[in-house]
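I have placed the structure first, in the form of structure tokens, so that the comments after it can refer back to it.
Each residue takes its place number in the sequence, starting with 1. Computed from a predicted structure; not experimentally measured.
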Amino acid sequence: MPAGAKLLLLPQRAYVPTGTLRRAANYPAAAHSRSVEEITKVLKKVGLGHLVEHLDEERSWDQTLSGGEKQRLAFARIFLHRPDIIVLDEATAALDSQSEGQLMGLLSREFEHATVVSVGHRSELEALHGRKIVLQRGRQGAKLVSDVYRFPKPVLPSGRPRMGLLSRWNSSLAHRTFRQGDPGSLPKFGTAAN
């Protein structure tokens, strides 16, 4: 990882801290680290515009929001924090296919230069990625089984090829597809664990 690069991990069950919705949107940064206008714009972008009027309300948001709303809130954090490396671990599992496609499309358009690693079980996700790496789990870690580029490679609005990472774990295999600026290089990773 380059010096100074920012990493953001979105797990399947998005963490929602207690307090205001504004605090939850800005997490892990301080509640007032972003303006109301900036948070409002991002919440609308990810399909949570109906929550804007509740930004400064203290509630048990973890209990109030649905699974899909929590995942959309986690995507809002991506747009607020602007990371260089984004890891999505089943981060769209609670969304329908159309919503998943919309959020992944937004991500592709606005984070063209970021490294995106997504882990998921839905076959629809595969179409959103340009590269698939198959890993086989073993006692001493993961073993590379294949590295396949989809052809034709998806293209970003800038004309550059889109790369991506998709991962599906089952009892013995992990399928991973990477998206990053340099299509010839693989990210470094250690022992696969799940």
[X] vs [Y] side-chain heavy atoms within contact, under 4.5 Å:
X	Y	result
Leu73	Leu43	yes
Trp61	His54	yes
Arg34	His81	yes
Glu69	His50	yes
Leu80	Glu38	yes
Ser60	Thr18	no

Between [X] (side chain only) and [Y] (backbone N and O only), is there a donor and an acceptor less than 3.5 Å apart?
X	Y	value
Asp89	Pro11	no
Arg72	Val46	yes
Asp96	Ser99	yes
Gln71	Ala14	no

Could you give the distance from [atom1] ([X]) to [atom2] ([Y]), rounded to the nearest 0.5 Å?
X	Y	atom1	atom2	value
Leu65	Leu21	CG	CG	6.5 Å
Ile86	Leu9	CD1	CG	11.5 Å
Asp84	Phe111	CG	CZ	9.5 Å

(request) I would like to know whether Lys70 and Asp62 meet side chain to side chain contact (heavy atoms under 4.5 Å, CB included); could you show each step before the answer? (result) CA-CA 8 Å; Lys70 290 178 202 176; Asp62 188 51; 3.2 Å; yes

(request) Kindly check if the number of other-residue, nucleotide or ligand heavy atoms within 6.0 Å of NZ (Lys45) is above 12? (result) yes

(request) Using side chain to side chain contact (heavy atoms under 4.5 Å, CB included) as the criterion, point out the one residue from Thr92, Leu48, Leu106 that pairs with Phe75. (result) Thr92

Of all heavy-atom pairs between [X] and [Y], which one has the smallest distance, and what is that distance?
X	Y	value
Asp56	Thr20	O-CG2, 3.6 Å
Asn26	Ala31	ND2-O, 2.6 Å
Pro83	Ala114	O-CB, 4.1 Å

(request) Apply salt bridge (charged side-chain N to carboxylate O under 4.0 Å, His left out) to Arg13 and list each qualifying residue two or more places apart in sequence or on a separate chain. (result) none

(request) Apply salt bridge (charged side-chain N to carboxylate O under 4.0 Å, His left out) to Arg77 and list each qualifying residue two or more places apart in sequence or on a separate chain. (result) none

(message) Please determine whether side chain to side chain contact (heavy atoms under 4.5 Å, CB included) holds for the pair Leu95 and Gln102, giving the CA-CA distance in whole Å, both sets of side-chain angles, and the decisive distance to 0.1 Å.
(response) CA-CA 10 Å; Leu95 298 170; Gln102 289 169 343; over 6 Å; no

(request) Please determine if Glu58 and Arg23 form a salt bridge, counting it only when a charged side-chain N lies under 4.0 Å from a carboxylate O. (result) no

Is it true that [X] and [Y] fall in one hydrophobic cluster, defined by side-chain heavy atoms closer than 4.5 Å?
X	Y	value
Leu10	Met104	yes
Val52	Leu103	yes
Tyr15	Leu51	no
Val116	Val42	yes

